[in-house]
There are 2 protein chains.
Amino acid sequence: MPQTMKDKILDAAEKRVRGAGFSAMSFRDLASDVGIKSASVHYHFPTKPDLGEALVDRYTSQFKEQLEQIDTTGLQTALDSYVALYSQALVLDETICLCAIMGAEAIGLPKNVNQKTKAFFKMNRLWLLDLFQRHSVQNPEDTSCLIVAALEGGMIVASSSDDRAMFDQIAKAAIRSIAKI
Amino acid sequence: MPQTMKDKILDAAEKRVRGAGFSAMSFRDLASDVGIKSASVHYHFPTKPDLGEALVDRYTSQFKEQLEQIDTTGLQTALDSYVALYSQALVLDETICLCAIMGAEAIGLPKNVNQKTKAFFKMNRLWLLDLFQRHSVQNPEDTSCLIVAALEGGMIVASSSDDRAMFDQIAKAAIRSIAKI
DNA sequence: GAATGCCTATCAACTGATAGGTAGCTATGT
DNA sequence: ACATAGCTACCTATCAGTTGATAGGCATTC
């Protein structure tokens with residue numbers, strides 16, 4: 001299955017946004033990344049908000065696919081797998097979660113992009129909520145919120161401190177706190 | 001004590017960065033905010049990295065001052081005061097922590113700004129570490145990291161979801177998890 | 001007379017976006 | 001079988017607006 005130009009553009013955009021932010025990324029950057037001209041990028045994504053929306057949309061659905069592949073029969077192993085999804089981004093790609101930076105920039109971003117970012121966080125919370133309810137974790141609503149916040153914040157603090165071990169430390173502490181809240 | 005132009009510029013910069021990010025803020029924005037011309041902003045802060053560094057520096061020292069005023073004799077009340085510092089930003093100014101967004105944008109920012117952001121997080125961790133050690137909290141290192149990450153991430157998730165109550169929910173869950181990790 | 005704190009004017013580079021052209025492919029009608 | 005029409009996916013060229021930054025002028029203050 002060959003990769004379409006649209007996907008190549010989104011790949012380049014994701015890399016740049018996760019590295020430096022949405023407003024720091026330009027159509028010309030993306031054009032040179034994928035080997036076409038900026039006018040051709042506009043052909044695939046008419047405006048920048050269009051691109052942002054498609055970007056977060058794809059990120060969310062890809063993340064959802066990975067969530068659905070996690071074996072949720074054991075609480076501990078499920079959480080380990082969940083944390084690994086976040087950890088991968090930090091270690092392999094040397095970038096943080098797309099929605100962490102989109103969320104941080106939120107006030108200055110187009111509304112449609114904000115809605116998609118909001119949806120990403122909600123999806124994460126709901127997945128955790130279901131997991132916690134099925135494993136009889138106390139205060140499942142509060143706990144799911146805390147885990148998402150700790151992991152997103154953990155990526156930012158660890159990335160900013162240039163200390164990847166700190167993310168693992170935070171993630172472990174977050175998971176250890178579960179069932180005791 | 002009259003406010004200097006330098007401080008007025010930093011005030012405007014802080015508001016804009018916390019709202020939309022460092023790369024989304026321009027010298028002309030700041031100039032019009034404080035009623036001078038962009039060339040005059042360059043007089044006070046020669047380059048953008050200079051401004052960024054001064055901004056995070058001031059933010060950190062102001063935050064430190066507030067930390068030092070917190071009564072730390074009681075663990076619970078001290079934590080409540082600490083959380084209130086974060087909560088204020090979200091509720092009153094309708095913006096997130098300066099270092100949350102500076103940390104999120106980190107990879108695309110000047111190195112000197114990154115160092116200052118890193119220092120802010122470290123200061124927070126050390127303040128909590130001292131608090132936890134003096135109150136015999138278990139795993140004080142892990143716990144202090146977790147609290148900082150949860151609060152920074154909580155601001156992003158709550159702000160992005162346009163749900164301020166969610167921040168309080170996350171903060172309460174984070175604090176409740178202490179002493180049980 | 002020198003330093004401070006602003007100004008006007010200007011610069012090259014970059015931004016998102018548009019207009020209009022072109023090569024290649026495909027579907028249709030005769 | 002073959003011309004025609006239309007679509008896709010790019011291109012060049014250009015636009016007005018914005019960006020960080022600089023040079024040089026002009027008051028006011030010390």
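Values below: all heavy atoms of this structure, side chains included; hydrogens, waters and symmetry mates excluded. In what follows, every chain begins at residue 1, and chains take the letters A, B, ... in the order their sequences are listed. Here the structure is a predicted model, which means the values were calculated and not measured.
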Could you go through the salt bridge (Lys or Arg N to Asp or Glu O under 4.0 Å) check for B:Arg125 and B:Glu141 one step at a time? CA-CA 8 Å; B:Arg125 287 203 321 273; B:Glu141 284 90 358; over 6 Å; no

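Rounded to an integer number of Å, the gap from CZ of A:Arg28 to P of D:dT18 is 16 Å. Following rounding to the nearest Å, A:Asp50 (CG) and C:dT18 (P) show an atom-to-atom distance of 10 Å. One atom, CZ of B:Phe45, and another, C1' of C:dG5, lie 14 Å apart when rounded to the nearest Å. Look at NZ on B:Lys37: it is 5 Å from P on C:dT8, rounded to the nearest Å. The distance between atom NZ of A:Lys48 and atom P of C:dA17, rounded to the nearest whole Å, is 8 Å. Atom pair A:Phe27:CZ and D:dC15:C1' shows a separation of 16 Å (rounding to whole Å applied). Atom C1' of nucleotide C:dC6 and atom NE2 of B:His42 are separated by 14 Å, given to the nearest angstrom. Between B:His44 atom NE2 and D:dG20 atom P the separation is 17 Å, expressed in whole Å.
Here the nucleotide nearest the side chain of B:Pro49, chosen from D:dA21, C:dC6, C:dA19, is D:dA21. Closest contact between the side chain of B:Tyr43 and the listed nucleotides C:dT18, C:dG5, D:dC10 involves C:dG5. For B:Ile36, the listed nucleotide lying nearest its side chain is C:dC6; candidates were D:dA21, C:dC6, C:dA17.
Nearest heavy-atom pair, B:His44 versus B:Ile9, reported as atom, atom and distance to 0.1 Å: CD2-CD1, 3.7 Å.
In this structure, B:Lys118 does not pair ionically with A:Asp163, as no charged nitrogen and carboxylate oxygen lie closer than 4.0 Å.
Taking the nucleotide of DNA chain C with the nearest heavy atom to each of A:Asp29 and A:Ala39, the more 5' of the two is matched to A:Asp29.
In terms of phosphate contacts, A:Ser26 brings a side-chain nitrogen or oxygen within less than 4.0 Å of OP1 or OP2 of C:dT15. When the side-chain nitrogen and oxygen atoms of B:Ser40 are compared with OP1 and OP2 of C:dG5, none of them lie within a distance under 4.0 Å.
Using a 4.5 Å heavy-atom cutoff, the side chains of A:Gln115 and A:Lys111 are not in contact.
A perpendicular orientation is assigned to the rings of A:Phe120 and A:Phe63, their planes being inclined by more than 60° (bins at 30° and 60°).
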